[in-house]
Amino acid sequence: MADSSKKMQIVFASAECAPFVKTGGLGDVAGSLPAALVRAGAEVIVMVPKYATIKDEYKAQMEHFSDFYVSLGWRNEYCGLEKLEHDGVTYMFIDNERYFARDYPYGFFDDGERFAFFSKAITESLQHLPAGFECDILHCNDWQTALAPVFLREFYQGLPLYDRVKTVFSIHNVAFQGQFSDTVMEDILGVAHIPAAASQLRCDACSINYMLGALRYADAITTVSPTYANEIQTPEFGEGLDGVLRERSYALQGILNGIDVAGFDPATDKRIAANYTVDDRGGKAVCKAKLQEELGLEVRDDRPLMVMVTRLTRQKGLDLVMYALDRILAGGVQVAVLGTGDRDYEDGLRYFQDKYPGTMAARIEFDPALSQRMYAAADMFLMPSKFEPCGLSQIIAMRYGTLPIVRETGGLKDTVIPYNEFTGEGTGFSFSNFNGDEMGDAVFRAARLFWDNRDAWNQLVTQAMSQDFSWTRSADKYLDLYFFMHPEIERPAAVVDEPAVVAEETAAEPKPKAEPVVEEPKAEEKPVKAESKVKIEAALETEAKPAAKSAAKKTTTRKTTAKKATTTKATTTKTTATKTTTTRKRTTAAAKKAAEAAPEVKAEAAVEAKPAVKAPAKTTAKKTTATTKKATAAKKTTTTKATTTKAATTKAAAKPAARVEETPVEAKPAAKTTTRKRSTTTAKKTTTKAAAPKAEAKAEDKPAVKVEPAPKAAEVKTAPKATAKTEPAKEAPVSPAAPAEEKAPTKKTSVRKATATRKRR
């Protein structure tokens, strides 16, 4: 039974979190996703280490909430919880100065011990949360928190407080896994004596892997884009973990990251030279001119400005940049790069700045304010990553009207729609292979559009700025996962009730939605009035489309045979056996009546087509059903005179007979065709006996199927038998005409004998 009063309560653990501490995309996610979850109705506590680098203004707002000791191997380490409320989210900072009072979050010899402590402190602190907060979901991020699911399972499972906790592990970059010597397994982790843990953490003979432990112990695994979730299951991108990711693919899904749309808003951003919106982009030109002046570039609005804000590493595609930069700069594209990283790339960028003064600018530094000005001022943003789990830079660039040029990998492929010159759709430019020439081609595709078709360029900018990359959409998908893991907690009514009402309405009246047959016969009234056989055949084909599913096979058969004008030969003989002794003059008179009644019957069929399938049918539909039932009963009593083969054929023909009654619309054009054939030639009156029954069948088709409201008992009884004896006539369109006509006299003689026998009875 779902609990409607309880909210989903989530502990979100991350080694960094904006605005307190941030070195990359993980900090942005941890700073934005919890706030979006709170807005969606969840309760969230974010756990972050209390680094010495956190600004004093935030430290001053923290209040000491609790403290306890955490066992780590043979150690007992102090752990304090410092509480801070910010934007509706509760933050708990893990305080231990021996581990976290350092100048930078990572990169120390004892990182394995530091973040093993952080993971153990997270699990231990679940017992020390504010009153009324019982953790439902423990959401861990990257290798720094990867041991928390392991510790929870091995040391805390079975305790009442921990039984309800489900663990989610998010991979932000599978390349960073937390690999350490296996000596830490007992000395720090204290799990060497637990065979299951020891074997599942080990990645080779002398190493353990923190992320590997999380992948095996967590209840669910997520990563930051759908494409990346597929890529990391391959050896090329899996970094040695592709095997376990394939094993647990059922628990793995990709959820695309969002951005803080309020923080990255060109209309309100105070860090840029001039504000602008998607409708009024005059401020962007001001931003471009100011940045060109600031960086020492030529102040020109007729040259596209392309920027990069990135770490200078091979993963970010700097190999391709070094290869193609000469071509790009010589081709008239201005380039500005901001970032730090490998020394070779830093020196290479300085070389190009000296070679192309006024066209190339390199800023080898970390400057968040400058990066913001570059996002706002540029025309294009280059991001040719070798792999990219999600990437936020390309999303921020689009938010500021700067078109991204990306390689189709990971989140770059999921977020950037490549420009299509024929349809105009797209939000940027892309290339497939990790190749410098392909990257250069993509850059010049963008530059040529900038130079040659400014209207198309401006439309592309509008489409890029109009994309929705807010965290609201992503948070909703995370909540889907959380509530799936805790079905006993009822999701807020605003999220689930509306689709449920729609589902109930659909279930209440399935037939009208599934079979909109009423409209089709109206569209078919015009072809019926025409005298052309081609139009009648077209009407039959149109009629076949909305037919009921139960008669799909019959409809297909009719549509095929109607093209050869032989459908009526097989169908109408069911109703002519009762009049096989009638003279040709009576046949002609019946044909005239059928021709006169055809338009009225067609109109009637248009109204009755849908009710014929429904239960509340009209009177004529009920009579039709009764007729079908009588015909079925008559079939069983009259087959005694037929041979065993004929009796089997009669049973096979019973279903098509019923379907003719259910969808009578298709038989109408056939009667029209028969009338035309009779009026255009008199040869059919003097044909052989084999042809006479066929002519009679055509003439009697219309009144027998629909015009006669209450068929006579004798007619009903003989109809199935006639069908049984003339069943081979259905194959006439496939076989030559001559053999079909040779069989006809025998069929007629058999029918007459059967009729005479019944009359004597």
I'd like to know whether NZ of Lys477 has more than 12 heavy-atom contacts from other residues, nucleotides or ligands below 6.0 angstrom.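 Counting other residues, nucleotides and ligands, NZ of Lys477 stays at 12 neighbours or fewer.
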
Would one find more than 12 heavy atoms of other residues, nucleotides or ligands at under 6.0 Å from atom OH of Tyr69?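 No, not enclosed.
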
Evaluate the ring planes of [X] and [Y], with Trp represented by its six-membered ring, and classify them as parallel (under 30°), tilted (30 to 60°) or perpendicular (over 60°).
{"X": "Tyr210", "Y": "Trp143", "answer": "tilted"}
{"X": "Tyr106", "Y": "Phe115", "answer": "tilted"}
{"X": "Tyr58", "Y": "Phe20", "answer": "perpendicular"}
{"X": "Tyr400", "Y": "Phe264", "answer": "perpendicular"}

Between [X] and [Y], does any side-chain donor sit less than 3.5 Å from a side-chain acceptor?
{"X": "Glu408", "Y": "Ser430", "answer": "yes"}
{"X": "Glu154", "Y": "Tyr217", "answer": "yes"}
{"X": "Trp471", "Y": "Asp260", "answer": "no"}
{"X": "Tyr78", "Y": "Glu97", "answer": "no"}
{"X": "Thr415", "Y": "Gln394", "answer": "yes"}
{"X": "Tyr345", "Y": "Thr313", "answer": "no"}
{"X": "Glu124", "Y": "Tyr156", "answer": "yes"}

Between [atom1] of [X] and [atom2] of [Y], what distance do you get to the nearest 0.5 Å?
{"X": "Asn141", "Y": "Phe169", "atom1": "CG", "atom2": "CZ", "answer": "7.5 Å"}
{"X": "Gln315", "Y": "Lys386", "atom1": "CD", "atom2": "NZ", "answer": "10.0 Å"}
{"X": "Leu37", "Y": "Thr472", "atom1": "CG", "atom2": "OG1", "answer": "10.0 Å"}
{"X": "Glu43", "Y": "Cys135", "atom1": "CD", "atom2": "SG", "answer": "11.5 Å"}
{"X": "Glu82", "Y": "Met92", "atom1": "CD", "atom2": "CE", "answer": "9.5 Å"}
{"X": "Leu481", "Y": "Asp476", "atom1": "CG", "atom2": "CG", "answer": "12.0 Å"}

Side chain to side chain contact (heavy atoms under 4.5 Å, CB included) evaluation trace for Ile122 with Phe151: CA-CA 10 Å; Ile122 291 166; Phe151 289 143; over 6 Å; no

Does the pair Asp342 and Leu312 meet the rule for a side chain to side chain contact (heavy atoms under 4.5 Å, CB included), with working shown? CA-CA 6 Å; Asp342 295 350; Leu312 305 180; 5.6 Å; no

Is a donor on one side and an acceptor on the other found under 3.5 Å between the side chain of [X] and the backbone of [Y]?
{"X": "Asp110", "Y": "Glu113", "value": "no"}
{"X": "Glu186", "Y": "Ala192", "value": "yes"}
{"X": "Thr53", "Y": "Asp103", "value": "no"}
{"X": "Arg216", "Y": "Gln200", "value": "yes"}
{"X": "Asp136", "Y": "Lys166", "value": "no"}
{"X": "Thr234", "Y": "Glu231", "value": "yes"}
{"X": "Ser125", "Y": "Ala121", "value": "yes"}
{"X": "Arg75", "Y": "Asp187", "value": "yes"}
{"X": "Ser225", "Y": "Pro389", "value": "yes"}
{"X": "Asp219", "Y": "Thr167", "value": "yes"}

Under 4.5 Å between any side-chain heavy atoms of [X] and [Y], yes or no?
{"X": "Phe387", "Y": "Glu236", "result": "no"}
{"X": "Gln177", "Y": "Leu212", "result": "no"}
{"X": "Leu129", "Y": "Gln9", "result": "no"}

For the student: nearest non-hydrogen atoms of [X] and [Y], plus distance:
{"X": "Val321", "Y": "Pro384", "result": "CG2-CG, 4.1 Å"}
{"X": "Tyr91", "Y": "Cys17", "result": "CE2-SG, 3.6 Å"}
{"X": "Pro49", "Y": "Phe118", "result": "CD-CZ, 3.4 Å"}
{"X": "Arg102", "Y": "Arg98", "result": "NH2-O, 3.2 Å"}
{"X": "Lys6", "Y": "Ile489", "result": "O-CG2, 3.6 Å"}
{"X": "Phe381", "Y": "Thr402", "result": "N-CG2, 3.7 Å"}

Passes side chain to side chain contact (heavy atoms under 4.5 Å, CB included), Thr90 versus Phe133? Steps please. CA-CA 11 Å; Thr90 300; Phe133 193 102; over 6 Å; no

Only one of Thr227, Asn230, Thr409, Val174 passes side chain to side chain contact (heavy atoms under 4.5 Å, CB included) with Phe237; say which it is.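 Among Thr227, Asn230, Thr409, Val174, the one that satisfies the side chain to side chain contact (heavy atoms under 4.5 Å, CB included) with Phe237 is Thr409.
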
